[in-house]
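Any value given below was found using the heavy atoms of this structure, including those in side chains, with hydrogens, waters and symmetry copies removed. Numbering starts at 1 and runs along the sequence shown.
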Amino acid sequence: MNMTSRPKRRRPTGRDPAPVLLQFDDNTLLPLLYGEHDQNLSRVEHQLGVHLASRGNRLAISGPPEAVEVADRALTALYERLRKGLDVDESEVDAAVRMARQMPGTDGSADAGAGVGDIHADELVIRTRKRHVTPRSPNQAAYIRALNTHELVFAIGPAGTGKTYLAVAMAVSLMMEGRVDRIILSRPAVEAGERLGFLPGDLREKVDPYLRPLYDALYDMLPAQQVMSRLSNGEIEVAPLAFMRGRTLSNAFVILDEAQNTTPVQMKMFLTRLGENSRMAVTGDLSQVDLPAGQPSGLQDAVDLLTRMDNVAFVRFTNVDVMRHSLVTRIVRAYEARENGGKGSAGGPKPGPGSRAT
């Protein structure tokens, strides 16, 4: 098989109602592409309102021209993913459709699948012990590129966009490759609008509730035994921001999560910990600041001060990058609309019906 070729296709021209035909060169991948009982194809149909009909190694896509183009790009990207040895499941189907909708070229002027398929380029695949992580939106692709090429990266945007998850994945990958010796994960110990009072236990038991999301990401990337072993020997350190003062963090990948809840003084203290052969990722959501009223956010201060500095990257996520339940995306949009004084609907467009005959 030619590993560089994409599925062959025929496009409708002008008002030609003929379907787009995709022809795949590796039949062994088609059961994985289509899914059990063609459930992946049904998912694409339901989301885009297109009709998919398979025969042999050919797949016909018919429906509204723009929806057909999106389906073409999404299915091509999923096929490219399978050819690279990566899995395809329901979440990956949803991600491919989302990417195809957001990428340029849906007017037929660009090679369908070229931009979407590029998200599975080797440079954008983060390999960890338990999984291979790929971007699920253009902004996630830009974020991974920034983490690969910059020593300091700020990721700013709403919850559920993968800011922390991708940073932890990159940190684990670099440690496995021997490019950093340790991972340091930190966040400010600030309650989200409530007072938890006295917490019993030793220091680790007191701060662990604040750092739980970082542990969750670690366990997604490494076997539990490895996480515990690396925590014990110091290769992975999870600590509240206050413990960073006075340190120089060398040969490390350092992540500051929930950075919107730092003060400008704390942010300056953290950023100046950067040592030789180290990288930093700073993540936060400026719409969810839990500092006392009137206290400026260190994240906003850093954005204002460092935006034009060399070797510092800023990646801004929006509600279209939310990877959680579709309802979360609509919730984020509703809050953003109110904060911006808009009247946008939180419901969003409803997917058109789709049915398929083979």
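A side-chain donor-acceptor contact under 3.5 Å links Q260 to the backbone of D285. A donor-acceptor contact shorter than 3.5 Å links the side chain of K163 to the backbone of P158. For S173 (side chain) and A169 (main-chain N/O), no donor-acceptor pair under 3.5 Å exists by modelled atom type. A donor-acceptor pair is defined here as one N or O able to donate and one able to accept, closer than 3.5 Å; no such pair exists between the side chain of D38 and the backbone of L41. Here the side chain of T161 pairs no donor or acceptor atom with the backbone of G157 at under 3.5 angstrom. With S186 contributing its side chain and A239 its backbone, the two residues share a donor-acceptor pair below 3.5 Å. In this structure a side-chain-to-backbone donor-acceptor pair under 3.5 Å is present from N261 to D290. When atom types are taken as modelled, the side chain of S278 and the backbone of L274 share no donor-acceptor pair closer than 3.5 angstrom. The closest donor-acceptor contact from the side chain of T149 to the backbone of R145 lies under 3.5 Å. Using a distance-only test at 3.5 Å, with no hydrogens or angles considered, a donor-acceptor pair links the side chain of N57 to the main chain of F24.
Counting heavy atoms of neighbouring residues, nucleotides and ligands inside a 6.0 Å radius, atom CG of D87 does not exceed 12 of them. Other residues, nucleotides and ligands contribute only 12 or fewer heavy atoms inside 6.0 Å of the OH atom of Y335. For NZ of K130, the number of neighbouring non-hydrogen atoms (other residues, nucleotides, ligands) closer than 6.0 Å is greater than 12.
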Stepwise side chain to side chain contact (heavy atoms under 4.5 Å, CB included) check, L52 with L75: CA-CA 11 Å; L52 303 177; L75 289 164; 4.2 Å; yes
Going through the distances and angles, do D301 and S297 end up as a side-chain hydrogen bond (donor to acceptor under 3.5 Å, both in side chains)? CA-CA 6 Å; D301 185 62; S297 168; over 6 Å; no
side-chain hydrogen bond (donor to acceptor under 3.5 Å, both in side chains) between T28 and D26: does it pass, once the steps are laid out? CA-CA 5 Å; T28 64; D26 188 347; 2.5 Å; yes
Run the side chain to side chain contact (heavy atoms under 4.5 Å, CB included) test on M221 and V133 for me, step by step, so that the C-alpha distance in whole Å, both residues' side-chain angles and the decisive distance to 0.1 Å come before the verdict. CA-CA 9 Å; M221 307 301 163; V133 180; 4.2 Å; yes
side-chain hydrogen bond (donor to acceptor under 3.5 Å, both in side chains) between Q47 and D94, intermediate numbers included: CA-CA 9 Å; Q47 293 190 34; D94 293 345; 2.4 Å; yes
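Proximity of L59 to Q23: side-chain heavy atoms (C-beta onward) are nowhere separated by under 4.5 Å. Residues R98 and R136 form a side-chain contact, since some pair of their non-hydrogen atoms from C-beta on lies under 4.5 Å apart. By the 4.5 Å heavy-atom criterion applied to side chains, V238 and Y215 are counted as neighbours. Considering only heavy atoms from C-beta on, F314 comes within 4.5 Å of T307 through its side chain. Here the side chains of R187 and P213 are in contact, with some heavy-atom distance below 4.5 Å. L222 is not listed as a side-chain neighbour of T128, based on a closest heavy-atom distance of 4.5 Å or more.
Scanning for salt bridge (charged side-chain N to carboxylate O under 4.0 Å, His left out) contacts around R179 gives E177, with sequence neighbours left out. Shown here are the side chain to side chain donor-acceptor pair (under 3.5 Å) partners of R316, two or more places apart in sequence or in another chain: there are none. E90 pairs by the salt bridge (charged side-chain N to carboxylate O under 4.0 Å, His left out) definition with R43, not counting sequence neighbours.
Here the closest heavy-atom approach between residue V180 and residue A171 is recorded as CG2-O, 4.4 Å. Heavy atoms only, all atoms of each residue included: V153 and A146 are closest at CG2-O, 3.5 Å. Listed here is the closest heavy atom pair of R129 and P223: CB-CD, 3.7 Å. Nearest heavy-atom pair, H132 versus R81, reported as atom, atom and distance to 0.1 Å: O-NH2, 4.4 Å.
Ion pair R212/D216 flagged as a salt bridge, since at least one NZ, NE, NH1 or NH2 atom sits closer than 4.0 Å to an Asp/Glu carboxylate oxygen. For R279 and E151, the salt-bridge test fails: no basic side-chain N is under 4.0 Å from an acidic carboxylate O. With respect to E237 and R247, a salt bridge is recorded, a charged nitrogen being found less than 4.0 Å from a carboxylate O.
Interatomic distance, M99 CE to R73 CZ, rounded to the nearest 0.5 Å: 9.0 Å.
Under the 4.5 Å side-chain heavy-atom criterion for Ile, Leu, Val, Met, Phe, Trp and Tyr, Y143 and V320 are members of distinct hydrophobic clusters.
Just one residue in the list L166, V125, I144 forms a side chain to side chain contact (heavy atoms under 4.5 Å, CB included) with T134, and that residue is V125. A side chain to side chain contact (heavy atoms under 4.5 Å, CB included) with V88 holds for exactly one of L29, N40, L33, L32; it is N40.
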